[in-house]
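Counting convention: from 1, in listed order, for ligands and their atoms alike. Fair warning: this is a prediction, and the values are worked out from it, not measured in the lab.
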Amino acid sequence: MAHTTDHGRHGGQILMQQLRIHGVRRVFLLPGESYLPRIDALNDHAGAIQPVVCRQESGAAYMAEAYGKLTGEPGICFVTRGPGATNASIGLHTAFQDSTPMILFVGQVATGFLDREAFQEIDYRRMLGPVAKWVAQIDQTERIPEYVSRAFSVATSGRAGPVVLVLPEDTLWGRADVPDLPPYPRVLLHPGWAELQALKALLAQAQRPLMILGGSGWSVRAVQDIAGFAHRFGLPVAVAWRRLECFDQSDAHFAGQVGWAMHGALEARVRAADLILAVGTRLGEATTIAYSLIESPQPRQRLVHVHPDVAEIGRVFVPALGIAANVACFAQAAAQLAPDTAPDMAAARQAHAEYLQSLEPLPAPGPLSLDALSAHVNQVLPDDACITVGAGNYALYPHRYRQFRGPGTSLAPTLGTMGYGLPAALSAKLEQPEREVICYAGDGCFQMTMQELGVAMQYGLGIVILLFNNGCWGTIKAHQAREFPNRCVALDFSNPAFCEIVQAYGGQGEVVDRTEAFPAAFERARAFARERRLPALVEIRYAPEGIAPGETLSAIRSQALAAAQSAVAGSGRPPPFVNQPK
Ligand SMILES: Cc1ncc(C[n+]2csc(CCOP(=O)(O)OP(=O)(O)O)c2C)c(N)n1
């Protein structure tokens with residue numbers, strides 16, 4: 001590859017120095033020949049920037065995303081062009097829907113070859129544009145500092161999200177005498193005095209208010225501030241779907257998680273609320289249960305929508321009041337507000353009592369109760385433990401039975417993407433080695449990224465994996481049973497010897513198939529992970545009949561058949577898709 005000049009630093013060196021200036025401490029990568037100068041420049045920052053060598057780009061991107069969630073700083077991911085970028089796109093989409101700061105650096109063919117469909121060439125602006133806040137290609141070596149600085153600003157400003165920077169080979173190999181730029185400025189959006197007074201007036205009028213917290217950017221301080229505000233105004237506090245870390249769930253005002261699989265009393269409370277104060281959350285499809293709890297475009301409840309992206313306010317819901325602010329800035333300002341009359345605390349107390357009741361394990365079929373073992377995990381883990389999940393019904397168990405205690409205690413993709421839990425757990429353990437990290441994974445979910453066990457082995461990461469083995473894509477089995485009863489197909493799979501796989505990576509594994517055996521196995525796994533700093537797996541074997549907390553497959557199927565039969569009786573026509581039992 002031709003070098004554009006023969007003096008100054010090469011593109012990789014300029015880039016890496018700039019990353020260091022912006023505070024980067026870790027890069028998640030999978031190397032490729034398309035970006036050798038960038039990899040080479042890691043040598044100049046040994047000890048300051050840690051390269052984490054992943055086994056597949058989806059794992060690298062998930063780890064970077066989890067880093068962004070945990071730190072509030074952009075997670076950095078390096079991948080090669082074409083195949084590397086397509087593999088990494090799932091982590092980018094996660095960062096986009098989850099509003100997580102992240103920067104993906106991708107290789108590109110030399111600018112002189114562009115548009116010939118050269119080797120592994122992709123137009124990233126078209127391919128990744130819909131799942132990134134900004135996709136840009138750096139065509140001149142001397143402009144690397146400018147683009148990198150802007151990437152950090154875009155990723156962290158307003159609604160945080162992912163940025164893609166594309167580096168053609170000649171930009172990376174080229175040399176330039178260009179000064180570094182200073183650390184990027186962090187711009188925060190504070191709520192105005194008038195909006196806060198309007199909020200106070202609306203709260204004073206409300207009979208049944210409810211606050212729902214979500215989105216990204218919650219710090220420990222912000223959670224304390226918002227709790228103080230809720231206490232003073234007598235507000236019950238809920239969290240949006242999978243935003244479990246936005247509040248301390250042991251707080252006396254905590255009401256539960258809003259959205260799919262929420263507890264019934266909270267659902268009734270949301271429906272009956274006359275004012276919803278939504279802070280940070282977009283109130284997405286999952287949180288609003290397909291826009292039914294809170295209707296789009298005009299909610300039945302009065303809505304006060306606080307969001308860091310002004311364009312999000314009024315996009316899906318017409319609010320009574322919109323406040324553009326970062327969640328931490330809003331929380332800080334709200335903590336200064338005081339009501340004019342003493343609030344009634346009864347609703348918040350009742351909401352919390354109802355939430356505590358939902359922690360009681362539900363009855364489950366078979367010798368192993370996923371409900372009971374998840375309630376046990378909640379009791380024995382320290383407050384600051386971090387629980388990670390990907391997607392699948394198994395995730396309902398920690399999310400129902402764990403009392404999350406604030407930022408850093410939950411990593412759960414609101415994108416609902418499988419394979420996230422293991423890489424996220426590894427990223428959390430790298431960032432905070434002393435924090436206990438538990439990865440809940442379905443057997444399907446785990447097999448999407450289990451090769452990242454190599455990262456656990458290589459970097460000495462003692463995480464515990466609770467593997468829910470039911471031999472099938474259980475979530476989809478439940479959906480099929482509901483929509484196409486007795487026509488279940490393409491749902492089951494054969495599993496490998498998971499314990500042996502973990503052992504091959506230096507870890508420990510054991511199988512549990514009875515509730516009583518779980519506590520001791522869990523303690524052995526925790527001790528191994530802590531002492532040996534290697535992964536420990538507890539494989540929980542159970543029949544898919546117990547498909548979700550309080551639900552069985554056979555009950556779902558018979559309800560569906562009964563509903564179908566009454567439809568037949570009502571219309572005289574056979575319902576679609578319901579066949580004779582096989
Ligand atoms: C990457 C990705 N592929 C497919 C899906 C669709 N999906 C959601 S849950 C699920 C099954 C998960 O199976 P498993 O991990 O075994 O957990 P279970 O549902 O059995 O508890 C599937 C296929 C998804 N959400 N993400």
Please check this pair: side chain of Ser296 against backbone of Tyr291, looking for a donor-acceptor N/O pair closer than 3.5 Å.
no
Quick check on Glu117: does its CD atom have over 12 non-hydrogen neighbours (other residues, nucleotides or ligands) under 6.0 Å away?
no
Please could you name the atoms of ligand 1 that Cys472 approaches to less than 4.0 Å, counting only its heavy atoms?
16 (O), 20 (O)
Quick one: do the Thr80 and Ser34 side chains pair a donor with an acceptor below 3.5 Å?
yes
Using a strict threshold of under 4.0 Å (side-chain N to carboxylate O), is an ion pair present between Arg25 and Glu73?
no
Which protein non-hydrogen atom lies closest to atom 20 (O) of ligand 1, naming both residue and atom, and how far is it?
Gly474 N, 2.8 Å
Should you measure from each heavy atom of Asn393, which atoms of ligand 1 turn up under 4.0 Å away?
18 (P), 19 (O), 21 (O)
Just distances here: any N/O of Thr417 and N/O of ligand 1 closer than 3.5 Å?
no
the protein heavy atom lying closest to atom 26 (N) of ligand 1 turns out to be Met418 N, 3.3 Å
Closest approach of any protein heavy atom to atom 25 (N) of ligand 1, naming residue and atom
Gly416 O, 2.9 Å
Can you name the atoms of ligand 1, numbered from 1 with element, that are less than 4.0 Å from a heavy atom of Asn470?
20 (O)
Do me a favour and list the nearest non-hydrogen protein atom to atom 19 (O) of ligand 1 with residue, atom name and distance?
Thr475 OG1, 2.4 Å
Side-chain H-bond candidate by donor/acceptor type, Gln97 with Arg282, under 3.5 Å
no
Is the ring pair Phe468/Tyr397 parallel, tilted or perpendicular, if the boundaries are 30 and 60 degrees?
tilted
Could you see which bit of Met448 sits under 4.0 Å from ligand 1, with heavy atoms only: side chain, backbone, both or neither?
side chain
Nearest to atom 14 (P) of ligand 1, what protein heavy atom do you find, and at what distance?
Gly444 N, 3.7 Å
Which residue supplies the protein heavy atom nearest to atom 16 (O) of ligand 1, what is that atom called, and how far is it?
Asp443 OD1, 2.8 Å
Residues that Ser358 engages under side-chain contact (heavy atoms from CB on, under 4.5 Å), provided they are two or more places apart
His263, Tyr355, Arg400
Among all protein non-hydrogen atoms, which one is nearest to atom 21 (O) of ligand 1, and what is the separation to 0.1 Å?
Tyr394 N, 3.0 Å
Taking only residues two or more places apart in sequence, or in another chain, which ones meet Tyr35 in a side-chain hydrogen bond (donor to acceptor under 3.5 Å, both in side chains)?
none
State whether the number of non-hydrogen atoms from other residues, nucleotides or ligands found under 6.0 Å of Arg271 atom CZ is greater than 12.
yes
Does the plane of the ring in Trp473 sit parallel, tilted or perpendicular to the ring in Phe493? Use 30° and 60° as the thresholds.
perpendicular
Could you find the nearest protein heavy atom to atom 15 (O) of ligand 1 and give me its residue, atom name and distance?
Cys445 N, 2.8 Å
What about Tyr542: any of its N or O atoms under 3.5 Å from an N or O on ligand 1?
no
Honestly, for Ala395 the part within reach of ligand 1 (heavy atoms, under 4.0 Å) is neither
